[in-house]
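Counting convention: from 1, in listed order, for ligands and their atoms alike.
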Amino acid sequence: MAKDLRGFIALLEDSAPEEIVRVQNPISTKYEISALLTHLEKRKHLPALVFEIVDGGDTPVVLNIHASRRLLGLALDTAPENLAERFLERQMNPLPPVEAAEAPIHEVVLIGDEVDLTKIPLLTHYDVNAAPYLTASIVVALDPDTGLQNTSYIRMMLAGKRELRVFMAIGRHLWTLHNKLERRDEPLPLAVVIGVHPAFALGSQAFTPTDEDEYAVIGGMMNEPLRVVDAKTIPLKVPADAELIIEGKLLPHLRREEGPFGEFTGYAVEKDERPVFEATAITHREGYLFQDIHAGYTEHRLMGAIPREASLLRAVRQTVPTVKAVCMPISGNCRFHAYISIAKRTPAQGMNAICAAIASDMLLKHIIIVDEDIDVFDEEAVLWAVANRFQADRDLLVVPNAQGSELDPSAGPMGVNAKMGLDATKPLSGFPSVLRVPGEVLNRIRVEDFIPGL
Ligand SMILES: Cc1cc2nc3c(=O)[nH]c(=O)nc-3n(C[C@H](O)[C@H](O)[C@H](O)COP(=O)(O)O)c2cc1C
Ligand SMILES: [Mn+2]
């Protein structure tokens, strides 16, 4: 069976039931799901969630499919601490898509005037949000000059039965494609794909050059070729096993107000005049599941972390071959902070690792390099290394006026910000040893023998 969202939910229910909860109580898309998620985020208890009765309707809403490294590990068939390595390995082995003989995605087809986006249970997360938004929306576009498919998550604001408004970060591939077609006065056909296997979701986020087909990258990430069929109203191939697809086009030369929208930083992006998408068809599976990714919460952050950690590992490895592990922690929105461990072999490799990291990812701001005895997934251990192995006059690098994220609330105009690297590795020799109780005694003395019941 092809990898899809329902199959992943079934796998959780069968083999990891503690990772999934079905909610039968009726709940509203407007703030109520967000309120429940806010409580769960505080408790740091984040199973995947299926809300069965939403706004009184029978379209289930699925959230938190990617909300922990455990869940993402199940998606990529690997251990949580090995996600970046596994992602990199699969990214390097793309599998071209295959034509599907039958297409669940076309079980229900609505064309033209039958299209009504307001019937889809879109969520409103925050009080500042201008309208309900699609957030788990993977936008597929075809470059007419290369014939290659591009995929990216793009938030889309509901603005009418057939209208969505779109935020595309400047310079990314989708922005570049829209820009190219606009110069030719042509619309850009798009398929908005919602409800997919988490390996598909992660693959769509891979950092790829424009000469690579992202359907093939997704196939590699799923470890099976993506099944595709012809869309109904646009010249695109679409995933046959998605839950819901909105077909349409991004119009040239038209801008309308989009935003504000609460983002991954925990702050809102202000409203502005942004491009407009017109829907030409909706197709979905019988009894489709609608997926949402809650902006600014753990799921949204972690989804950004894995592809970034993979490309960071690759970039640092070119300079410091003995890099061990990387973590982009939740505390840095999984984008602004990176902890990197290296097995240091020459005196100043920590600083080289910092430079490689800064150059590799525009969003990164603060980088901490530690020795291999420090677990990069243990934030307390990383900060302990900073406390004990780092001197700011000697081990600190600050790069002013670099390009950062336009979503960084403390950055200057157009996202210009500063980068900081902390080399918290110890010198190759002449540094004290970490305290240890003798190993033989540690193994022999067992808590339960001395304090039963603890
Ligand atoms: C949940 C989620 C939402 C995102 N929303 C947007 C968005 O609204 N606009 C945007 O430009 N990028 C957004 N991104 C980031 C892009 O999807 C990502 O940078 C992608 O790799 C860009 O691909 P491209 O350069 O091939 O277009 C989002 C990412 C995630 C995980
Ligand atoms: Mn791309």
Side-chain angles (χ1 to χ4, degrees), residues 62-67 72 75 87 91 94 122-123 125 129-131 133-143 146 148-158 164-181 188 190-196 198-218 221 250 258-265 268-272 274-275 277 291-311 328 330 333-335 361-364 404-407 415:
V62 178
L63 283 119
N64 276 1
I65 284 289
H66 321 92
L72 295 174
F87 187 97
Q91 190 180 348
L122 271 65
L123 269 63
H125 297 157
N129 285 13
Y133 270 83
L134 288 174
T135 57
S137 30
I138 302 174
V139 170
V140 181
L142 185 77
D143 185 331
T146 62
L148 298 174
Q149 276 118 166
N150 189 69
T151 57
S152 38
Y153 272 90
I154 299 291
R155 75 178 194 230
M156 303 178 107
M157 186 183 93
L158 183 68
L164 296 164
R165 304 204 185 137
V166 183
F167 172 85
M168 290 174 287
I170 298 175
R172 294 267 193 230
H173 295 163
L174 187 65
W175 180 92
T176 310
L177 262 177
H178 175 239
N179 186 272
K180 178 158 88 176
L181 290 210
L188 176 66
L190 298 180
V192 182
V193 180
I194 296 156
V196 296
F200 181 133
L202 287 175
S204 76
Q205 292 295 291
F207 285 60
T208 48
T210 41
D211 61 359
E212 207 167 334
D213 182 60
E214 294 188 18
Y215 272 175
V217 176
I218 288 168
M221 207 55 68
L250 211 47
E258 189 268 346
F261 177 75
E263 263 293 352
F264 69 80
T265 54
V269 176
E270 282 315 310
K271 65 182 176 200
D272 206 344
R274 299 199 173 101
F277 170 88
Q291 194 170 8
D292 183 87
I293 293 168
H294 202 283
Y297 283 1
T298 303
E299 172 173 40
H300 186 190
R301 291 180 174 180
L302 267 183
M303 287 188 72
I306 311 305
R308 284 198 162 74
E309 288 173 356
S311 74
M328 300 185 94
I330 304 278
N333 307 319
C334 292
R335 288 156 177 79
D361 185 348
M362 187 179 90
L363 261 56
L364 251 183
S405 168
E406 57 204 310
L407 302 187

For [atom], find the nearest protein heavy atom and state the residue, atom name and distance (0.1 Å precision).
| atom | result |
| --- | --- |
| atom 19 (O) of ligand 1 | R172 NE, 3.3 Å |
| atom 1 (C) of ligand 1 | H300 CD2, 3.4 Å |
| atom 21 (O) of ligand 1 | Q205 O, 3.9 Å |
| atom 26 (O) of ligand 1 | N150 OD1, 2.9 Å |
| atom 25 (O) of ligand 1 | H173 N, 2.9 Å |
| atom 30 (C) of ligand 1 | Y153 CB, 3.6 Å |
| atom 8 (O) of ligand 1 | R155 N, 2.8 Å |

Subject >> Metal proximity, E212 vs the Mn ion (ligand 2), N/O/S cut-off 2.8 Å >> reply: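 Checking the Mn ion (ligand 2) against E212, no N, O or S atom falls under 2.8 Å.
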Original post:
Strictly under 2.8 Å, is any N, O or S atom of T208 next to the Mn ion (ligand 2)?
Top reply: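 For T208, the answer is no, given that no N, O or S atom comes within less than 2.8 Å of the Mn ion (ligand 2).
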Subject >> Per-residue contact class, I154 against ligand 1 - non-hydrogen pairs under 4.0 Å >> reply: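 For I154, the contact with ligand 1 is made by both the backbone and the side chain.
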Subject >> Atom indices of ligand 1 within 4.0 angstrom of M168 heavy atoms, with elements >> reply: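 Close to M168: 11 (O).
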Subject >> Residue A169 vicinity, atoms of ligand 1 by number, heavy atom under 4.0 Å >> reply: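 It comes down to these atoms of ligand 1: 10 (C), 11 (O).
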**OP:** Examine ligand 1 and decide if any of its atoms is less than 4.0 Å from a heavy atom belonging to T151.
**Re:**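 Distance cut 4.0 Å: T151 passes for ligand 1.
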Original post:
Measuring from the heavy atoms of E214, does anything fall under 4.0 Å of ligand 1?
Top reply: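 Judged by the 4.0 Å heavy-atom criterion, E214 does count as contacting ligand 1.
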**OP:** Please say whether L174 places an N or O atom under 3.5 Å from an N or O atom belonging to ligand 1.
**Re:**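 Among all N and O atoms of L174, at least one is under 3.5 Å from an N or O of ligand 1.
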Original post:
Does the pair R274/E258 count as a salt bridge with the N-to-O cut at 4.0 Å?
Top reply: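 Yes, R274 and E258 are salt-bridged.
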**OP:** Quick one: report the N, O or S atom of E214 that is nearest to the Mn ion (ligand 2).
**Re:**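 Looking at E214, the N, O or S atom with the least distance to the Mn ion (ligand 2) is OE2.
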Original post:
Restricting to N, O or S atoms of H173, which is nearest to the Mn ion (ligand 2)?
Top reply: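 Of the nitrogen, oxygen and sulfur atoms in H173, the Mn ion (ligand 2) lies nearest to ND1.
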Subject >> F200 side chain reached by M221 side chain, heavy atoms, under 4.5 Å >> reply: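 M221 does not reach F200 side chain to side chain.
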**OP:** State, to 0.1 Å, how close F167 and I154 come at their nearest heavy-atom pair, and which atoms those are.
**Re:**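 Scanning both residues, the minimum pair turns out to be O-CG2, 3.5 Å.
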**OP:** Quick one: closest heavy-atom pair of A75 and A199, and the distance?
**Re:**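 Closest pair (atom of A75, atom of A199, distance): O-CB, 3.9 Å.
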Return the [atom1] to [atom2] distance between [X] and [Y], rounded to the nearest 0.5 Å.
| X | Y | atom1 | atom2 | result |
| --- | --- | --- | --- | --- |
| T208 | E214 | OG1 | CD | 3.5 Å |
| T210 | L148 | OG1 | CG | 8.5 Å |
| T146 | L177 | OG1 | CG | 7.5 Å |

**OP:** Verify the distance criterion only: is there a donor paired with an acceptor across the side chains of N333 and T265 at less than 3.5 Å?
**Re:**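 No, because no side-chain N or O of N333 sits under 3.5 Å from a partner of the opposite role on T265.
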Original post:
Heavy atoms only: which of A136, S152, A141 is nearest to atom 20 (C) of ligand 1?
Top reply: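 That would be S152.
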Original post:
Should one rank F207, W175, F167, Y133 by closest heavy-atom distance to atom 7 (C) of ligand 1, which comes out on top?
Top reply: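 Answer by nearest heavy atom: F167.
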Using a 3.5 Å distance criterion without hydrogens, assess whether the side chain of [X] forms a donor-acceptor pair with backbone atoms of [Y].
| X | Y | answer |
| --- | --- | --- |
| D292 | T135 | no |
| Y133 | G259 | yes |
| R301 | G296 | yes |

**OP:** Please work out whether the ring planes of H125 and F261 are parallel, tilted or perpendicular, with thresholds of 30° and 60°.
**Re:**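 Taking F261 first and then H125, their aromatic rings sit tilted (interplane angle of 30° to 60°).
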